[in-house]
Amino acid sequence: MKTAFEALAPAFERETGYALELAFGPSLQLEKRLGGGESADVAIVTHAGAQSLIAQGRGSANSLADVARSFIGVCVAKAAPRPDISSAQAFKAAMLRAKSIATSKPVGGGASGAHMASVFERLGIAAAVKDKSIYGAGGPAGLVGLIVARGEAEIGIQQMAELMAVAAVDIVGPLPDELQSVTQFAAFVPTAARRPDGGRTLIEFLRTSAAKAVIKAKGLEPN
């Protein structure tokens, strides 16, 4: 959501009078922080994570609202040859040919990292790609696209919106349908919110047609 908020924050602040203080990170890390009692006026994590936190008493159930869906995609460095990822078999062959592959961490990183670990297992290539896998640190500074842009990995796999946040890479496209994982992100107001009114106002703002247009332009599918 980082690039979306960079575009949306000025309009939100101008229209509502609220000032935003933003903190970004992989959903699993944010969910852990919120579960540990960290305060926020509004949180955006995976829908499943939001439901879990609400069940733990960490969030308001009636504030829960789906915001956007994210698809996993593949990138290469600018002007580099684009691998064929049109089918599961083509994707498998591309992964086996690649000299290095960057993804999010399978454990403790973004949702795409855990999913790709299961995809490699399903395709029977987990052992083959293990030694050529490079893992992003997570968060805005640890984007997979940055690893690819620096020439440290031939292919990068992460959420499409995160790949689009790095201008120095080319997006090959989304994963084949049979390998795809759609992550639903949702917003809610934590029970520890100091300004719950501001949190609810932001959630309402994100569901406006103008905000949805920006979210879509940044690589996410708005709800």
Which pair of non-hydrogen atoms, one from [X] and one from [Y], has the smallest distance, and what is that distance?
X      : Y      : result
Val76  : Arg82  : CG2-CG, 4.3 Å
Ser70  : Gln159 : OG-OE1, 2.6 Å
Ile203 : Ala187 : CG1-CB, 3.8 Å
Ala50  : Ala186 : CB-CB, 4.4 Å
Gly57  : Thr191 : O-OG1, 3.0 Å
Pro83  : Ala94  : CB-CB, 3.8 Å

Contacts of type salt bridge (charged side-chain N to carboxylate O under 4.0 Å, His left out), residue Arg122, not counting sequence neighbours =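 For Arg122 there are no salt bridge (charged side-chain N to carboxylate O under 4.0 Å, His left out) partners, ignoring immediate neighbours.
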Across all chains, not counting sequence neighbours, the salt bridge (charged side-chain N to carboxylate O under 4.0 Å, His left out) partners of Glu121 are none
Which other residues end up in the same hydrophobic cluster as Leu34, if Ile, Leu, Val, Met, Phe, Trp and Tyr are linked when side-chain heavy atoms come under 4.5 Å apart?
->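 Members besides Leu34, by chain and number: Leu30, Val45, Leu53, Ile54, Leu64, Phe188.
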Under the 3.5 angstrom rule, does the side chain of [X] hit a backbone N or O of [Y] as a donor-acceptor pair?
X      : Y      : result
His115 : Leu179 : yes
Arg14  : Ala9   : no
Asn223 : Ala68  : yes

side-chain contact (heavy atoms from CB on, under 4.5 Å) evaluation trace for Glu221 with Lys216 | CA-CA 5 Å; Glu221 190 64 35; Lys216 188 174 183 65; 3.0 Å; yes
Do [X] and [Y] share a hydrophobic cluster, counting only Ile, Leu, Val, Met, Phe, Trp and Tyr and linking them when any side-chain heavy atoms are less than 4.5 Å apart?
X      : Y      : value
Phe185 : Val214 : yes
Val144 : Met116 : no
Val169 : Ile85  : no

In chain order, what residues pass the side chain to side chain contact (heavy atoms under 4.5 Å, CB included) check against [X], with sequence neighbours excluded?
X      : answer
Glu6   : Lys2, Thr3
Ala153 : Ser100, Ala102, Ile134, Ile147, Val148
Met1   : Phe5, Ile44, Val67, Leu220

Criterion side-chain contact (heavy atoms from CB on, under 4.5 Å) on Asp170 and Val172, from CA distance to verdict = CA-CA 6 Å; Asp170 284 338; Val172 180; over 6 Å; no
With distance as the sole criterion, is a donor-acceptor pair present between the side chains of [X] and [Y] under 3.5 Å?
X      : Y      : value
Glu204 : Thr208 : no
Thr46  : Glu31  : yes
Ser112 : Gln158 : no
Asp41  : Tyr18  : no

Partner set under side chain to side chain donor-acceptor pair (under 3.5 Å) for [X], not counting sequence neighbours:
X      : value
Arg69  : none
Ser181 : none
Ser39  : Arg194

Rounded at 0.5 Å granularity, tell me how far [atom1] in [X] sits from [atom2] in [Y].
X      : Y      : atom1 : atom2 : answer
Leu163 : Leu143 : CG    : CG    : 8.5 Å
Leu20  : Glu13  : CG    : CD    : 5.0 Å
Glu154 : Cys75  : CD    : SG    : 11.0 Å
Leu8   : Leu202 : CG    : CG    : 9.0 Å
Gln184 : Asp66  : CD    : CG    : 3.5 Å

Could you go step by step and tell me if Arg200 and Ser60 meet the side-chain contact (heavy atoms from CB on, under 4.5 Å) rule?
-> CA-CA 10 Å; Arg200 292 178 186 275; Ser60 168; 3.3 Å; yes
Pairs touching residues 47-96 that satisfy ring pair (Phe, Tyr, Trp, His ring centres under 6.0 Å), sequence neighbours left out =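 Every pair satisfying ring pair (Phe, Tyr, Trp, His ring centres under 6.0 Å) with a residue in residues 47-96: there are none.
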Can you list every pair that meets ring pair (Phe, Tyr, Trp, His ring centres under 6.0 Å) and has a residue in residues 193-223, with sequence neighbours left out?
-> Phe12-Phe205
Would you say the side chain of Gln180 lies within less than 4.5 Å of the side chain of Pro174, judging by non-hydrogen atoms?
->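 Yes, close enough: below the 4.5 Å cut-off.
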Is the NZ atom of Lys78 crowded by more than 12 outside heavy atoms at less than 6.0 Å?
-> yes
Is the number of heavy atoms from other residues, nucleotides or ligands under 6.0 Å of Asn62 CG greater than 12?
->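 Count over threshold, so yes.
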Only pairs under 3.5 Å count here: list side-chain donor-acceptor contacts from residues 123-132, not counting sequence neighbours, and write none if there are none.
{"from": "Lys132", "atom 1": "NZ", "to": "Met95", "atom 2": "O", "distance (Å)": "2.9"}
{"from": "Lys132", "atom 1": "NZ", "to": "Leu96", "atom 2": "O", "distance (Å)": "2.9"}
{"from": "Lys132", "atom 1": "NZ", "to": "Ala98", "atom 2": "O", "distance (Å)": "2.6"}

